[in-house]
Amino acid sequence: MTESAAPSRTGASRKRALDDLALLGGDRAFHPPVSTSNLTRPDPERLLGYARRVHDARRLTGDGPLGAELEARLRTFHECEHVVTFSCGFWALALAVRCLALPGRTEVLMPSLTYRRMADAVAWTGLIPRFCEIDPVTLAMTRATAAAAVTDETALILGAQPIVNCCDMSGLEALAADTGLPLLIDSVESTYESHEGRRIGNFGRAELFSMHASKLVNGMEGGYVTTNEGELAQRLRRLRSHGADADGEISELGLNARLSEVHAAFALANLDGLEACVAHNEAIYRAYRRALGDLPGLRLLAFDESERCSFKNIVVELRDSWPLSRELTIAHLNGEGVLARAYYHPPLHARPTSYETRGRELPVSDALGERFLLLPCGANTGPGDVADVVELLRFLSDNGATLADGAGR
Ligand SMILES: *Cc1c(COP(=O)(O)O)cnc(C)c1O
């Protein structure tokens, strides 16, 4: 390898000839690589301040004062009545499904083009995922696509936010009201957003959020559920602690899924910097908008600025005029240290699983699943990187026909 260890971005990102591309023997453009994850780090002094409180409180298990403070901060943030934190979003999701699914029914209705572990969380509850289609404009399930997949066995509607903007939550709420089915929404990708002026965290029976390092509110690991139902919140608290009541009596089967105080400290320190993080994301988004304006093969998914938005994810559609396959585009970008990824690929209905799933004929999800790409964003990407990424995309576009023919490969 002749790769230089020096962190030089400009220079190597200027490709002049095809063999300047890393896949064709040239130097990698991005050292270190730029990724599609948020990866916000808190201010170190603030982090240490919270960590000292964990230390001084001598509360070394979960369910302590910082966890309680975090839940209170998140209640204010979402303008909702109850927040219950968990060790991760995955178990928060599984436990919320367990609480809300109607007894005696077997299916949980959900979109297929979504978070790759969503069906797994449902399978852990013993229920069967049933997939529905999505709307080609919002990339999310709608009242109509969900209604088409309701059966006599539907126990729960599990909505999921797309990664830019929100799904039609009022429509899903209306469907839930019409059918008498409970509605739970995975709102991980809409943490900061509002919908029709209402703050996310107040829709359906409950909503789910993650505090994984890649998400907007980073606790390194962690998750939470918002709800305006006191009894549901209480049951979730029980389930995250082995199913034990306040007096320690085990009343039902639970998990050990409490958030630790150290993770709560990390999340609190990041919450202190949340507005700065969103401002950074907005600057990145605007830089992409400017730079992609004259690259017609790519369409940037626009945030709906009539609502609150986090500007967190940068998603582009590869139009028919884009000369390379998505696979080859990603291969070249990844080769250069641009960790672009396919949007939720493959869709859940197309993945092999060890458990049963239903609803396997989803032509719209199949087609949309091939068209979108996530570009770098988050704390480790700067506006200058955006210009370099787009310049690289332009080079790939200009040389697309030759590259698609397999030049130099
Ligand atoms: C990350 C994620 C989760 C689960 O979160 P973890 O905290 O990583 O378990 C759930 N839903 C969506 C949409 C996610 O992106």
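In listed order, ligands and their atoms are each counted from 1. Hydrogens, waters and symmetry mates are skipped; everything else that's a heavy atom, side chains included, is used.
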Atom 5 (O) of ligand 1 - nearest protein heavy atom and its distance: Ser210 OG, 3.2 Å
Asp27 bridged to Lys15 by N-O distance under 4.0 Å: no
Any N or O of Phe90 closer than 3.5 Å to N or O of ligand 1: yes
Check against salt bridge (charged side-chain N to carboxylate O under 4.0 Å, His left out), Arg130 and Glu153: CA-CA 10 Å; Arg130 151 116 23 213; Glu153 285 299 327; over 6 Å; no
Centroid-centroid distance, His78 to Tyr224, less than 6.0 Å: yes
Of the listed options Leu208, Thr114, Asp186, closest to atom 11 (N) of ligand 1 (non-hydrogen atoms): Asp186
Closest protein heavy atom to atom 8 (O) of ligand 1, given as residue, atom name and distance to 0.1 Å: His212 CB, 3.8 Å
Spacing of Leu156 atom CG and Leu184 atom CG [to the nearest 0.5 Å]: 5.5 Å
Gln161, portion touching ligand 1 at heavy-atom distance under 4.0 Å: neither
Distance in Å, Cys309 SG paired with Tyr285 OH, rounded so as to fall on 0.5 Å steps: 7.5 Å
Ligand-side contact atoms (ligand 1) for residue partner Lys215, heavy atom cut-off under 4.0 Å: 1 (C), 2 (C), 3 (C), 5 (O), 14 (C), 15 (O)
Salt-bridge present (Asp388, Arg14; N to O < 4.0 Å): yes
Audit row: Arg308, Glu79, salt bridge (charged side-chain N to carboxylate O under 4.0 Å, His left out) steps and yes/no: CA-CA 14 Å; Arg308 275 168 64 91; Glu79 299 171 355; over 6 Å; no
Top protein contact for atom 4 (C) of ligand 1, by heavy-atom distance: Tyr115 OH, 3.3 Å
Contact check: Glu221 vs ligand 1, nitrogen or oxygen atoms, below 3.5 angstrom: no
Numbering as shown, the atoms of ligand 1 that approach Gly89 to under 4.0 Å (heavy-atom distance): 5 (O), 6 (P), 7 (O), 9 (O)
Subset of ligand 1 atoms that lie under 4.0 Å from at least one heavy atom of Gly222: 7 (O)
